[in-house]
Amino acid sequence: MPSVSASFFWIALCAVVAPLIAGLVPRKLVPEVVLLLIAGIVVGPHVLDLAVMGSEIELLRELGLGMLFLLAGYEIDTSELTGRGGRRALITWLACLVLAFVVIGLLGLTGAINAEIAVAIALTSTALGTLLPILKDSGMIETRLGRTVLNHGAFGELGPVIAMAILLSSRSAGASLVVLAAFAAAAVGVAFIPKGLRREGSKLASIIRLGSETTAQTTVRLTILLLVTLIAVAAIFDLDIILGAFAAGFILRRAMPSGDEKLEAKLDGLAFGLLIPIFFVTSGMAIDVKAVAAAPGVLLAFLVLILLVRGLPVFFAERFDRGPELKDPQPTVRERGQVALYAATGLPLIVAVTEVAVDAGQMTASNASILVAAGAITVLVLPLTASLLAPKATKKVPAPSTG
């Protein structure tokens, strides 16, 4: 069995090679995330067996997942979520959840599927954290389409996490709601801390500001402390760490509503330079290719279900998008198709849901691998297909500042 040191070498090598190969592909049609997943599959225990998971790498993987969702939460504009686009995204996600329960419930009656609740929740997820580097690299993050994807992605991440906490918990639904409310109260309490630290005229604020440009790197350290604190609070309440990380991103944006380019650059360096690549490579390592190859029909069925349950409702919902002032032109079929494909892209939450279901004995490890593989394929295929649908002339239309 490979040692932790050898495993980390191969993971680090994959992290370096992936962007180099991505840069060689014309028009960057293959996202770096895709290559990281493929590299993880190749070096993982199910193919070449060059790298395995250990407690040390697992810790780095969780930090990578945390940074992924912190940055995703930081990118969300709360005015967008409370505007027309955000409300439409929320209603769409709820429709996706209802559709998922109906479809999976019917399949469950035939005995074709187990762990119906877990599978239904997984089908409604959107991998906003996974899409974030893709949207940034393509320059879409500030476009109207990019903001629409962020809206659907925000509810496609928050919704499933909350559904997991209520429906997959060993507690009753009422107790789970109380726990979620307690976590929200704790997060609100934590949110006042960074705002207080930045108060103008404060001696402490001055020390933090000066230290941010020295070896102290105070703002980066405070951000990591915020992330770890919210993850720890989520763990105390027996909630998924994704919820804590996402809350940390929202709090960081609240503390800096106009942003901080220097801090953002440092966080991007830490996240995308080290932690996030580790998460994607190890996600690839977890896929059992033999189990997937033994059931291609099940894999295809999961892919179809993801497109049906998540992609199709988003496609129809975007027909009603006329902008925050109801004056923008209706999205074209191509644009609606792009948003739907991005919204149907899922992986991190599918991993989280299947882990909970396997631990509870509701789902076998092989079925979990197939569902995770379906999520990985959505990351491999759907963003690439969406980029091919994009007309060159409309890729960088400025997005409205409010929604």
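Note: hydrogens, waters and symmetry copies are ignored here, and every other heavy atom, side chains too, is used.
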So [Y] and [X], do their side chains get closer than 4.5 Å, heavy atoms only?
{"X": "Leu132", "Y": "Ile141", "result": "yes"}
{"X": "Glu157", "Y": "Ile242", "result": "no"}
{"X": "Val43", "Y": "Cys14", "result": "yes"}
{"X": "His46", "Y": "Ile287", "result": "no"}
{"X": "Leu371", "Y": "Ile350", "result": "yes"}

Does either side chain, that of Ser366 or that of Thr364, offer a donor lying less than 3.5 Å from an acceptor on the other one?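 Present: a donor and an acceptor within the cut-off.
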
Checking side chain to side chain contact (heavy atoms under 4.5 Å, CB included) for the pair Leu65/Ile276: CA distance, chi angles, key distance, verdict? CA-CA 7 Å; Leu65 178 63; Ile276 290 176; over 6 Å; no

Go through the steps to decide whether Trp10 and Met285 satisfy the test side chain to side chain contact (heavy atoms under 4.5 Å, CB included), and finish with yes or no. CA-CA 11 Å; Trp10 288 108; Met285 289 167 53; over 6 Å; no

Side chain to side chain contact (heavy atoms under 4.5 Å, CB included) assessment of Val119 paired with Met363: CA-CA 9 Å; Val119 174; Met363 182 182 293; 3.8 Å; yes

Taking side-chain hydrogen bond (donor to acceptor under 3.5 Å, both in side chains) as the test, write out the residues that go with Glu264, two or more places apart. Tyr74

Which residues pass the side-chain hydrogen bond (donor to acceptor under 3.5 Å, both in side chains) test with Ser125, sequence neighbours left out?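 Here no residue qualifies.
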
Please answer whether the main-chain N or O of [Y] pairs with a side-chain N or O of [X] as donor and acceptor at a distance below 3.5 Å.
{"X": "Arg147", "Y": "Glu142", "result": "no"}
{"X": "Thr219", "Y": "Ser212", "result": "no"}
{"X": "Glu116", "Y": "Phe101", "result": "no"}

Stepwise, does the side chain to side chain contact (heavy atoms under 4.5 Å, CB included) test hold for Glu335 with Gln338? CA-CA 5 Å; Glu335 291 170 335; Gln338 280 183 276; 4.3 Å; yes

Can you run down the ring pair (Phe, Tyr, Trp, His ring centres under 6.0 Å) pairs that involve residues 241-292, sequence neighbours left out, and say none if there aren't any?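 Applying ring pair (Phe, Tyr, Trp, His ring centres under 6.0 Å) to every pair that reaches into residues 241-292, excluding sequence neighbours, yields Phe246-Phe250.
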
Any residue meeting side-chain contact (heavy atoms from CB on, under 4.5 Å) with Arg221, in chain and number order, not counting sequence neighbours: none

Which atom pairs, one a donor and one an acceptor, fall under 3.5 Å between side chains of residues 174-193 and the rest of the protein, sequence neighbours left out?
{"from": "Ser176", "atom 1": "OG", "to": "Ala165", "atom 2": "O", "distance (Å)": "3.1"}
{"from": "Ser176", "atom 1": "OG", "to": "Ser172", "atom 2": "O", "distance (Å)": "3.0"}

Please tabulate, for the side chains in residues 288-316, all donor-acceptor contacts under 3.5 angstrom to protein atoms that are two or more places apart in sequence or on a different chain.
{"from": "Asp288", "atom 1": "OD1", "to": "Lys290", "atom 2": "N", "distance (Å)": "3.2"}
{"from": "Asp288", "atom 1": "OD1", "to": "Ala291", "atom 2": "N", "distance (Å)": "3.4"}
{"from": "Arg310", "atom 1": "NE", "to": "Thr124", "atom 2": "O", "distance (Å)": "3.4"}
{"from": "Arg310", "atom 1": "NE", "to": "Thr126", "atom 2": "OG1", "distance (Å)": "3.0"}
{"from": "Arg310", "atom 1": "NH2", "to": "Thr126", "atom 2": "OG1", "distance (Å)": "3.1"}
{"from": "Arg310", "atom 1": "NH2", "to": "His152", "atom 2": "O", "distance (Å)": "3.0"}

